[in-house]
Structures are given as C-alpha cells and as structure tokens.
Amino acid sequence: FNFHKTLITNFSSSSTRLSHNSHNFFLSSSSALKIQKGDITQWSIDGTSAIVNAANEGMLGGGGVDGAIHRAAGRELLAACRSVPEVRPGVRCPTGEAKITPAFKLPVSHVIHTVGPIYNIHDHPEVLLRSSYRNCLRLAKENNIQYVAFPAISCGVFGYPFEEAAAIALSTVKEFSTDFKEVHFVLFSDNIYEVWLEKASELL
Ligand code: AR6
C-alpha cells in the first residue's frame, strides 16, 4: 500500500499545465501514460522533456500540428531543421524515421520530428506508423529524455483511421514501459481523445 501511495504522490507532483484533464494509466511501477486533450505546443513539465512533431519528409514545416509547433518555436526551429542533412533531394526524415532538434521558444527541451505514413498511399502503413512511434521513443531514450508528449501521428491530413492508429500508438509505447517517467498523448480533437481513452482502457 505504501509503495503505491508513494508512486501516486510522485506522479501528481509533476505538474503539467494541462494535467486537470488527463487520464492516467500505469505502464509499469515506475512509469505512467497520460492522455489529455489540448494543444501540444502548450505542454510543459518539470524535467527533460520532448514533444513529438508529425512532420513531413522535407522537415521544413507544414500545416496541422507541424505548423503550430513551428509557429510556437520560432524561426530558429526552421533553421535547425534545415541543417538536418538530406538523405536524398528534399528528404531529411524518411517516413517512419525520427530526428531530434532543440525546442527553442517552446517550453520543453527538445522536439522529435517524425513522419508518419499517408494511409492511402503507403504499403503497410501499420508497419510505418509503429516505426515512427518506436523511433521517436528510441531517440528520446538515447537523449535521456524523461517525459515525452505525442500528438496523434498521421491522424490529420495523412488520413490514418483513429482506432487503428490508437492501437499502434499505445501498444508501441507499452514496449518502452520502463524507459520514461511519463509518456503523454496530447490530442487536439474530442473524437480522437475519446478513441485513445477507450483503446487505453482496453490495452493497458
Ligand atoms: N496539438 C496537438 N495536436 C494537434 C495540434 C496541436 N496544436 N494541431 C493539430 N493537431 P496533422 P499528419 C492534431 O495533419 O496527419 C502537416 O502539414 C490533428 O488534429 O498535423 O501526421 C505536416 O507538414 C491531428 O489529430 O499530421 C505533414 O505534411 C493530429 O494532430 C502532414 O501535415 C495530426 O494531424 C502530416 O500529417
């Protein structure tokens, strides 16, 4: 009993601006998964932290969460992305991979940029989406990041069905169940938030 009490105290003492709306799940005795509605550019937490950007292969900004992150981080983020070497013309981050930059004006330590699959174009989008989440988490771990926040990668203009995306996102985070203090999903729409909560109750 005391053991659990300690954990709960520790988790509630790590404050996020959005925590009033968050649903908490345990990944392990030392790690929590939190699902909340909100704008990921506003997310902050005490500790080494990263937000994930759902970018495109060029990494020079775009619409959706990518646009919001670049606007909030400022022009230095664009310069940092531009300095990521191209692996082929116009491609800095191939689909399913991830790159890390500083976060500049954002209230976190780093931004991890990944490119999810375009659901109706890529073969085996489920393999690529899992690879996006996995590569973000690997990169976070390598950089000693303790807290990571994800948006719903590929669930906007890239057209991934929400339920399938939620199952992949949550089961992949579960693979890293002892590696982070907390992993958060910060979801913009009511609809996606509900789907994520339902899937988490099923899988965690
Ligand atoms: N905070 C959290 N989630 C957000 C925010 C925000 N501020 N803004 C939007 N979302 P999308 P994709 C949600 O389209 O499908 C860009 O142009 C949004 O509601 O941003 O991976 C890139 O440059 C949706 O649920 O990313 C690429 O070209 C989720 O974030 C392309 O879009 C992802 O939607 C990537 O498409």
Side-chain angles (χ1 to χ4, degrees), residues 1-40 42-54 65 96-98 100 103 107-114 116 126-155 160 162-189 192-204:
F1 174 76
N2 279 335
F3 177 64
H4 279 284
K5 209 172 149 192
T6 310
L7 285 174
I8 288 159
T9 310
N10 283 344
F11 289 138
S12 56
S13 70
S14 57
S15 57
T16 75
R17 282 188 220 161
L18 303 161
S19 62
H20 51 282
N21 262 332
S22 97
H23 278 69
N24 302 344
F25 300 85
F26 284 94
L27 290 165
S28 68
S29 60
S30 60
S31 182
L33 183 140
K34 301 194 176 198
I35 298 176
Q36 61 214 274
K37 224 164 46 181
D39 174 354
I40 204 166
Q42 308 265 306
W43 183 84
S44 71
I45 197 159
D46 292 332
T48 318
S49 58
I51 62 167
V52 172
N53 182 17
V65 71
E97 296 188 15
I100 192 164
V108 287
S109 323
H110 295 86
V111 178
I112 296 174
H113 308 259
T114 189
E126 72 288 353
V127 174
L128 291 166
L129 187 61
R130 192 174 293 283
S131 162
S132 278
Y133 279 104
R134 213 177 257 155
N135 283 321
C136 289
L137 292 161
R138 276 191 196 137
L139 203 48
K141 200 177 152 182
E142 282 166 23
N143 285 274
N144 299 312
I145 289 162
Q146 300 169 302
Y147 300 91
V148 186
F150 283 98
I153 300 164
S154 286
C155 289
Y160 216 102
F162 304 158
E163 283 202 22
E164 292 170 38
I168 291 167
L170 293 161
S171 62
T172 309
V173 168
K174 213 172 148 185
E175 292 172 10
F176 293 77
S177 63
T178 58
D179 294 317
F180 302 100
K181 287 194 175 162
E182 297 175 6
V183 177
H184 292 225
F185 284 95
V186 181
L187 305 166
F188 211 52
S189 77
I192 293 182
Y193 171 73
E194 299 298 338
V195 169
W196 243 255
L197 276 186
E198 204 170 298
K199 210 37 106 180
S201 315
E202 207 179 295
L203 296 178
L204 301 173

What's the separation between atom [atom1] in [X] and atom [atom2] in [Y], rounded to the nearest 0.5 Å?
X      : Y      : atom1 : atom2 : value
Ser31  : Gln146 : OG    : CD    : 11.0 Å
Cys155 : Glu164 : SG    : CD    : 10.0 Å
Ile100 : Ile112 : CD1   : CD1   : 4.5 Å
Leu197 : Glu194 : CG    : CD    : 6.0 Å
Ile168 : Tyr160 : CD1   : OH    : 3.5 Å
Leu27  : Leu170 : CG    : CG    : 9.0 Å

Give the intermediate values and the outcome of side chain to side chain contact (heavy atoms under 4.5 Å, CB included) for residues Phe150 and Leu137. CA-CA 10 Å; Phe150 283 98; Leu137 292 161; 3.7 Å; yes
Can you see which heavy atom on [X] is nearest to which on [Y], and at what distance?
X      : Y      : answer
Gly116 : Ile153 : CA-CG2, 3.7 Å
Asn135 : Glu97  : ND2-CA, 3.8 Å
Cys136 : Val52  : SG-CG1, 3.8 Å
Pro107 : Ser44  : O-CB, 3.4 Å

Donor-acceptor check, side chain of Ser131 to backbone of Val127, threshold 3.5 angstrom: yes or no?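 Checked: no pair found.
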Backbone of Ile35 reached by a side-chain donor or acceptor of Ser22 within 3.5 Å: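 No, because the side chain of Ser22 does not come within donor-acceptor range (under 3.5 Å) of the backbone of Ile35.
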Before giving the answer on side chain to side chain contact (heavy atoms under 4.5 Å, CB included), spell out for Glu182 and Lys34 the whole-Å C-alpha distance, their side-chain angles and the decisive distance to 0.1 Å. CA-CA 7 Å; Glu182 297 175 6; Lys34 301 194 176 198; 3.8 Å; yes
Who passes side chain to side chain donor-acceptor pair (under 3.5 Å) against [X], sequence neighbours left out?
X      : answer
Ser109 : none
Arg134 : Glu175
Ser49  : none

Set of side-chain contact (heavy atoms from CB on, under 4.5 Å) partners for Ser171, sequence neighbours left out: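 With sequence neighbours excluded, Ser171 shows a side-chain contact (heavy atoms from CB on, under 4.5 Å) to Arg130, given in chain and number order.
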Output all residues satisfying side-chain contact (heavy atoms from CB on, under 4.5 Å) with Leu128, sequence neighbours left out; order by chain, then residue number.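 Expected list: Thr95, Pro117, His122.
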Taking ring-ring contact (aromatic ring centres under 6.0 Å, His included) as the criterion, tell me which of Phe185, Phe162, Phe25, Phe188 meets it with Trp196.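 Considering Phe185, Phe162, Phe25, Phe188, a ring-ring contact (aromatic ring centres under 6.0 Å, His included) with Trp196 is found only for Phe185.
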Give me the ring orientation class for His184 and Trp43: parallel if the planes are under 30° apart, tilted from 30 to 60°, perpendicular past 60°.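 Perpendicular, since the angle between the ring planes exceeds 60°.
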Side-chain donor-acceptor contact under 3.5 Å, Ser177 with Ser28: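 On atom types as modelled, these side chains do not qualify, holding no pair under 3.5 Å.
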Close side-chain approach of Asp39 and Val186, heavy atoms under 4.5 Å: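 No, too far: nothing below the 4.5 Å cut-off.
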Could you check if a side-chain atom of Leu139 sits within less than 4.5 angstrom of a side-chain atom of Thr114, using non-hydrogen atoms only?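 No, every pair of side-chain atoms sits at 4.5 Å or beyond.
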For Glu202, salt bridge (charged side-chain N to carboxylate O under 4.0 Å, His left out) partners two or more places apart: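 Applying salt bridge (charged side-chain N to carboxylate O under 4.0 Å, His left out) to Glu202 gives Lys199.
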Run through Glu198, Gln36, His23 and flag the one making a side chain to side chain donor-acceptor pair (under 3.5 Å) with Tyr193.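 Only one of Glu198, Gln36, His23 forms a side chain to side chain donor-acceptor pair (under 3.5 Å) with Tyr193, namely His23.
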